[in-house]
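For clarity, every value in this text was computed on a predicted model and none was experimentally measured. Labels below follow one simple rule: chain letters A, B, ... track the order of the sequence lines, proteins then strands, and each chain is numbered from 1.
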Number of protein chains: 2
Amino acid sequence: MSDRLYQPSDPAAAFQPHDHRHCSSAALDAAEARLARQGARLTPVRRRTLEILLESHRAMGAYEVLDRLAAEGFGRQPPVAYRALEFLVSHGLAHRLQRLNAFAACLNPGHDHNPAFLICRSCDRVAEAEAAPVRAVLSDVAAAAGFRVERATIEALGLCASCAAEGAA
Amino acid sequence: MSDRLYQPSDPAAAFQPHDHRHCSSAALDAAEARLARQGARLTPVRRRTLEILLESHRAMGAYEVLDRLAAEGFGRQPPVAYRALEFLVSHGLAHRLQRLNAFAACLNPGHDHNPAFLICRSCDRVAEAEAAPVRAVLSDVAAAAGFRVERATIEALGLCASCAAEGAA
DNA sequence: AGCTGAACGTAATGCTATAACAAATCCTTG
DNA sequence: CAAGGATTTGTTATAGCATTACGTTCAGCT
Ligand SMILES: [Zn+2]
Ligand SMILES: [Zn+2]
Ligand SMILES: [Zn+2]
Ligand SMILES: [Zn+2]
């Protein structure tokens, strides 16, 4: 197992112009590789759901995904979307954003992680940031109160560099 | 204005046996004082809503609060609860927990703050922890990606000291 | 008393999520 | 290949969370 130090391709990429075709196909490839290792199946609905999430760096609501799936011939009932999304999340291929009640594709699915999320309030794009140092401090603060942290939600709302440069308030 | 350094009474109190009567009446007093300063009105529905939240250290869903209010002669439609809760939150007397879609009374309403929340998965109690150091690290991590954090949600799920001592898994 | 804006109440609706069950599909194993 | 079991997909129905719209009441002021 060569699980080397986590090296995100570029946490800020989501906010900058980039070769998104490459960006998303790399994520899809990594996802397939990961599922192969896990012995889980990337069925058509699941694959399509992941592709839909990967089209943008935004988070999408389950019903938004569902509309897309239904339009493409898949089932049109909520569980169709929720099941696919739940599968992706539980296999580390997507993340759920609590603040938004929405889902975003994971851009580093090869690595097991619970990132901190950076959500731009102007362009709605979402990026993943290294959460380890944040979690460490949080665990310390909690430990001072005798509390043992098992999972933590860390989601930041603010302004990305591109939007700030464009003079968004 | 003697807004001295923030000195939480005891962040872990929520998880420990304590004089809750004093605990909640102090919070209510502080809330009244704060609203007086702000020139906002603590009407009967609002006051009762705060009292209901203060009865326990758990977070309550809006409909749970609404049931209580309705049973006591207030309106029985969702906006009644949502408006009161929204008022409390926006005036710093209660917090909203994103993970739980629920609300909890603030225990230090005298001080303007966005705490980190510690949510015990065993007893469901919620405590507020000092978030400043956590936010500082988060801001740094975000800044490295060119992102400016404006607001952050920090919610930890885990096990409180009391539950851990009782041998909860 | 009369005006005005805040607060309250209700009806209606929309959005998010899950439970329960039936049909189809995959996968193993004899 | 056939039989059987587990997984996946689909549907119906329902639960849970939240807001819009609109009319009425009430505190505070002139
Ligand atoms: Zn991209
Ligand atoms: Zn942006
Ligand atoms: Zn207490
Ligand atoms: Zn506990």
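Straight-line distance from the CG atom of B/Leu85 to the P atom of C/dA7: 15 Å, rounded to whole Å. What separates CG of B/Leu35 from P of C/dA7 is a distance of 11 Å, to the nearest Å. D/dT9 atom P lies 17 Å from atom OH of A/Tyr82, rounded to whole Å. One can place CZ of B/Arg41 at 11 Å from P of D/dC29, the figure rounded to the nearest angstrom. Atom-to-atom, CZ of B/Arg46 to P of C/dA6 comes out at 11 Å; the value is rounded to the nearest Å. With rounding to whole Å, B/Leu69 atom CG is found 17 Å from C/dA7 atom P. Atom CG of B/Leu42 is separated from atom C1' of D/dC26 by 17 Å (rounded to the nearest Å). In this structure, the CD atom of B/Gln38 is 16 Å from the C1' atom of C/dA6, given to the nearest Å.
Salt bridge A/Glu55/A/Arg48: present, at least one basic N to carboxylate O contact under 4.0 Å. Remark: A/Glu32 engages A/Arg47 in a salt bridge, criterion side-chain N to carboxylate O under 4.0 Å.
Without hydrogens or angle criteria, B/Arg34 side chain to B/Leu93 main chain gives no donor-acceptor distance under 3.5 Å. Of the possible donor and acceptor atoms, one in the side chain of B/Glu128 sits under 3.5 Å from a partner among the backbone N and O of B/Leu107. Within the 3.5 Å criterion, the main-chain N or O of A/Gln98 finds a donor-acceptor partner in the side chain of A/Glu155.
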Can you tabulate the close N/O pairs, meaning under 3.5 Å, that link protein atoms to atoms of nucleotides 10-15 of chain D?
| from | atom 1 | to | atom 2 | distance (Å) |
| --- | --- | --- | --- | --- |
| D/dG10 | N7 | A/Arg83 | NH2 | 2.2 |
| D/dG10 | O6 | A/Arg83 | NH1 | 3.1 |
| D/dT11 | OP2 | A/Arg76 | N | 3.1 |

Check against side-chain contact (heavy atoms from CB on, under 4.5 Å), B/Arg41 and B/Leu35: CA-CA 7 Å; B/Arg41 294 166 49 202; B/Leu35 288 182; over 6 Å; no
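Heavy-atom nearest nucleotides on DNA chain D were determined for A/Pro44 and for B/Tyr63, and the one closer to the 5' end corresponds to A/Pro44.
To the nearest 0.5 Å, the span separating CD on B/Glu86 from OG1 on B/Thr49 amounts to 12.5 Å. From A/Arg96, atom CZ reaches atom CG of A/Leu88 across 12.5 Å, with rounding to the nearest 0.5 Å.
Within residues 86-103 of chain B, the residues approaching DNA chain D are B/Arg96, B/Asn101, by heavy-atom distance under 4.0 Å.
Of the candidate nucleotides D/dT9, D/dC17, D/dA27, D/dT9 has the atom lying nearest to any side-chain atom of A/Thr43.
Side chains of A/His20 and A/His22: no donor on one and acceptor on the other come within 3.5 Å.
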